[in-house]
Structures are given as structure tokens and as C-alpha cells.
Amino acid sequence: MSDVTQLPDLMPALPEIILAIGAMVLLMVGAFGGRNISYAVFGGAMGLLGGTFLVLLLVPSFGETFGGSFILDDYAYFLKLVVLVGSFFAIAMSWAYAKSQSFDHFEYPILIILATLGMMLMLSANDMIALYMGLELQSLSLYVVAAINRDSVRSTEAGLKYFVLGALSSGMLLYGMSLVYGFTGQISFAAIAELLSQEGASIGLIIGLTFILAGLAFKISAVPFHMWTPDVYEGAPTPVTAFFAAAPKVAAMGMLVRIVIDAFHPVTSDWQQIIVFVSIASMALGAFAAIGQTNLKRLMAYSSIGHMGYALVGLAAGTQTGVEGVIFYMVAYLGMTLGVFACILSMRRQDGMVEEISDLSGLSQTNLPMAVILGLLMFSLAGIPPLIGFFGKWFVFAAAVEAGLYPLAVIGVLASVVGCYYYLRIVKVMFFDEPAEAFQPMPTELKVVLGLSGVFVVFFWVMPGPVVTAATAAAQSLF
């Protein structure tokens, strides 16, 4: 007879179990609670994410479970906390939008929770099947969320594009995993790494690895698998875009780092070439394609592509320092992005939401605090010292230089210089153009998110220790 699974065996997965049960409870509440229950579900979802964060923070149970398929180490622990923060603030920023734009779908916060559950499973995946299950749970939730505004043609089109291209990328990922399994006979990351260190990589395995990286590149919207990003960012409801730009990017990058370091570290020279190419292409496209954009959400889409390229600079180094740089960069990116989208969600006038860059004209004369903080966020995204965006780029470029990837670091610096143009253009519009019609007062929750983001971005250099120490411990657990 097989042993009965005891509760302590499931303790490393306790936060995921809490999220899964909580999502099902909220689904029942929403389905049977009547017409006006959606705001209670919104509040319950925020409480569930906050409670899960505290459980993970205060009583983590490091170790493996489910036969080694699920692992909670320092790496997964830190990135899960970051993902939970991103999801919490994404729902919080949706509150005012839901009230003003008739966006009170109770399914929305539940889908965010299910997507977050998928992200946490991705970060703890210790074999290819567990990774794929977490990835698909996240992806299926995001497909629905992108098209959740059924009355909008743009939202429906965004969801359809995301679904079709996402299905294609999932197929490529599965095909690559099947090739790796066929040539190694293993699905566990540790077993694959051990086999590769003993026997090296065959041509078939390298092809499989290429397909895996192609599938994962789609999830972080890296070139040449970025084509969905501008259309989905522009077409999806703004709170959905804010969520897409934050937590899922952190989780997908974390998943990419884990699979190449844990499973394919013995063949670093093979995947390093792919990462370098994708990084350069993403930085270049993000820098040049954003210059002609007039829609702020679309500009942020190209900015996101560029920033994923910068993060990949650290991964291309293939070292502990490089992974530390990637982790820190994603934390910095999350903080900056949430603040920017808090501003975008505040761009509301009597006749509805606006999202053109020209709508920010003269913002400094109509809402000086918002203009100042948004300007600082733009400087940070551009990498201007002493803001946190500068330190993020410093860490990844320094790792590339340490690994001897001098051309990659130089290209990254040049792309940053080009990117400064469209970030500074927004600052110029806000402070030097004639003022446009003033926006309606900013809701309290958006003020809180924007204020926290501004403090984090501007004053990080005062006390960088906790984040840097956590990033270092997370990177060490992979090596």
C-alpha cells in the first residue's frame, strides 16, 4: 500500500492551497451573492492576497513536496512575495475604475487570484510538467481577463490575439519539453542538469532547448515574440493592462531564470547565445519603436519590451551576480510600472478615460504632485541616477561586464540613451506644454499606490539593504 500523504508534507505549498481554496469560496460568493456583491468580492480578493502574503512571509516552510515537483527555496520565496504585492496593488487600482466605468465584474478579482496562483506554481516548479501546469493556469486566466470587457471591440480583439498567439507559444514550449524528455529521459530539472554535466548536450536537446526558450520569450514579451504586447496593452481595459505589465512579467522572468539555471546550467554556452540575441533585439526594438507612439499604454508596451531586454542582460551572464541583477531589476521594474499605471488610471475626465500622451499637456499646472511623481518615474525608467531604475541597470550591466560580455553591455547603454528620448518627451509635455483640461480628482487608492511607488523609486538609495540582501539570498539558492 502507498503511504497516505500527511498534512506536513504539503506545508511548502500552504500559500498556494490558501489561494486555491479562497478563490473557490469567492467564486461561490460571487455566483450566488446577488447583483451588488462584486465590491465585496474585490475586497475579499485583496484580503486573501494580503493574508497569503503574511502567511508566506511569517511562516514559510522551505523544502520540497509532491515528489520533488514543487520546491520552496529562497528564490521562489522572494519572488512569490513580489508577485503577491504586484497582484494586490493591481486589484486595488481597479477599485475606482470598476466604480466609474461599470467594470464591476466579480469574476475579475477571482481571475487575478487564479493567475497569481499559476505564477506561484511556476516559481516553485521543479520539473517541466509542474512548470507547464502553472504556466497554463496563469495563461488561461489572463486570456479571459484581457477580453473581460465584452462590450468593447478593442478588448475582445486583444483577448483573441493574446489567446491565439499564446496557444502557439504554449505549443512551442510543449514541443521543446518533449524533445528534451526524449533525448534525456528526464523531466526533473536536477536530473536533466546531472545528465548534461556527464554526457553533454546532443543536437536534438539543443533544438528542444531553443523551442523552450522561444515559448518562454513570448511570456515575457521579448523580441521576436513580442507582437501581441502593444495591441493587448492598448486594447485591454487599463486595470488589466496594469496587471499584465506587473506581476506576470516578474513570474515569467523568474520561471525563465529557474529553468535555464537549474536544468541547463551545464550547457550555458548554448543558451547564452539565444539570450544575448533576444536581449539585444528587445532593447533595440523597445528603444526605437516607442519613439513614434502617441498612446501612453502602447508606449508602455514597448517600454516593457525594452526593459525585459535589459533584464535578460543579467541572465545572459549566466552567473550568480547576473541572476541577482535580474531579480533586483524585476523588483525595480514592478515598483516603477505600478506607479505609472496609477497615473494612467487617474487620466479621467467628465466624458471618460483618456490615454493619449497629449492629454498630459500642462499637467504640472493642474495637478503638480501627480506631474512631479510621474516625471520622477519617467526619469527612473530611463535609468537616471540616483533613482532605482539606474541601480537596476547598473546591476545587470555590471554582471555582463564581469562575464566578459562587453558588446552586450555597450549596446544596453546605447539603447538606454535612445530610450531617454520618449521618457523625457512625456516630462516635457507635462511641464512645458499648454495645459489641457484638468483630470478629475485622483481616487484615494491610486494616491496611495502612486505615493508608495514614488517613495520606493526616489528613496531606495537611502536604505537599499533589505532588497539587495534578499535578491542575493535568492540568487545563491540557485547555485
Side-chain angles (χ1 to χ4, degrees), residues 220-223 226-235 238 241-242 244-246 249 279-313 329 332-347 354-364 370-385 387-390 392-393 396-397 410-436 450 453-454 457-458:
I220 61 171
S221 63
V223 178
H226 67 285
M227 63 286 291
W228 62 274
T229 314
D231 292 335
V232 173
Y233 271 47
E234 183 181 7
T238 306
T241 305
F244 275 25
K249 291 292 176 67
S279 175
I280 292 173
S282 299
M283 290 188 295
L285 183 97
F288 288 99
I291 290 176
Q293 301 302 319
T294 58
N295 183 284
L296 194 52
K297 286 163 66 178
R298 201 171 181 88
L299 182 143
M300 288 303 297
Y302 285 108
S303 170
S304 169
I305 294 169
H307 282 286
M308 293 305 104
Y310 296 127
L312 289 174
V313 171
Y329 196 96
Y333 172 77
L334 178 76
M336 295 184 290
T337 302
L338 288 174
V340 172
F341 275 97
C343 290
I344 296 175
L345 281 163
S346 302
M347 295 171 61
V354 293
E355 52 194 45
E356 295 296 313
I357 295 175
S358 58
D359 292 311
L360 292 169
S361 296
L363 182 64
S364 61
M370 177 178 168
V372 169
I373 297 179
L374 181 57
L376 290 170
L377 291 171
M378 290 296 126
F379 282 128
S380 184
L381 287 167
I384 306 296
L387 305 175
I388 195 171
F390 166 77
K393 291 182 178 177
V396 293
F397 292 159
V410 170
I411 293 171
V413 173
L414 294 176
S416 295
V417 173
V418 175
C420 284
Y421 169 79
Y422 57 82
Y423 293 125
L424 298 183
R425 177 163 63 103
I426 294 175
V427 177
K428 174 260 181 188
V429 167
M430 291 191 297
F431 284 89
F432 298 104
D433 284 8
E434 289 297 319
L450 183 58
S453 176
V457 165
V458 175

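What you see below is based on every heavy atom in this structure, not just the backbone, and it leaves out hydrogens, waters and symmetry mates.
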Using every non-hydrogen atom in the two residues, find where [X] and [Y] come nearest and quote the distance to one decimal.
X      : Y      : value
Met336 : Val457 : CG-CG2, 3.7 Å
Leu377 : Ser453 : CD2-OG, 3.5 Å
Glu356 : Thr294 : OE1-O, 3.1 Å
Gly389 : Ser380 : N-OG, 3.0 Å
Gly419 : Ala287 : N-CB, 4.3 Å
Ile384 : Cys420 : CD1-SG, 4.4 Å

Pairwise side-chain contact, [X] with [Y], heavy-atom cut-off 4.5 Å (strictly under):
X      : Y      : answer
Ser361 : Glu434 : no
Lys428 : Asp433 : yes
Leu296 : Met347 : yes

Subject >> Over 12 non-hydrogen atoms of neighbours within 6.0 angstrom of CZ in Phe390 >> reply: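 Yes, because the 6.0 Å sphere around CZ of Phe390 holds more than 12 heavy atoms from other groups.
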
Just how far is it from atom [atom1] of [X] to atom [atom2] of [Y], taken to the nearest 0.5 Å?
X      : Y      : atom1 : atom2 : answer
Ile388 : Tyr333 : CD1   : OH    : 14.0 Å
Met308 : Thr229 : CE    : OG1   : 10.0 Å
Asp359 : Ile344 : CG    : CD1   : 11.5 Å
Thr241 : Lys297 : OG1   : NZ    : 4.0 Å
Met378 : Leu387 : CE    : CG    : 12.0 Å
Glu234 : Arg298 : CD    : CZ    : 5.0 Å

Can you list everything that forms a side-chain hydrogen bond (donor to acceptor under 3.5 Å, both in side chains) with [X]? Sequence neighbours excluded, please.
X      : result
Tyr302 : none
Glu355 : Arg154, Asn295
Lys249 : Ser221, Tyr233, Ser304

**OP:** Check ring-ring contact (aromatic ring centres under 6.0 Å, His included) between Phe341 and all other residues, then give those that pass, not counting sequence neighbours.
**Re:**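 Scan of Phe341 (ring-ring contact (aromatic ring centres under 6.0 Å, His included), adjacent residues dropped) gives none.
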
**OP:** Would you please name every residue forming a ring-ring contact (aromatic ring centres under 6.0 Å, His included) with Tyr310, sequence neighbours left out?
**Re:**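 ring-ring contact (aromatic ring centres under 6.0 Å, His included) list for Tyr310, sorted by chain: His307.
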
Side chain to side chain contact (heavy atoms under 4.5 Å, CB included) involving [X] - partner list, sequence neighbours excluded:
X      : answer
Leu376 : Val372, Val458
Ser279 : Met283, Leu312, Val313, Leu408
Ala371 : Leu363, Ser364, Met430, Phe431
Ala342 : Met93, Leu446, Val449, Leu450

Original post:
When you check the side-chain N and O atoms of Tyr422 and Ser303, is any donor under 3.5 Å from an acceptor?
Top reply: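 No, Ser303 and Tyr422 have no side-chain donor paired with an acceptor closer than 3.5 Å.
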
Subject >> salt bridge (charged side-chain N to carboxylate O under 4.0 Å, His left out) contacts in which one or both residues fall within residues 370-381, not counting sequence neighbours >> reply: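 Output for this query is empty, none listed.
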
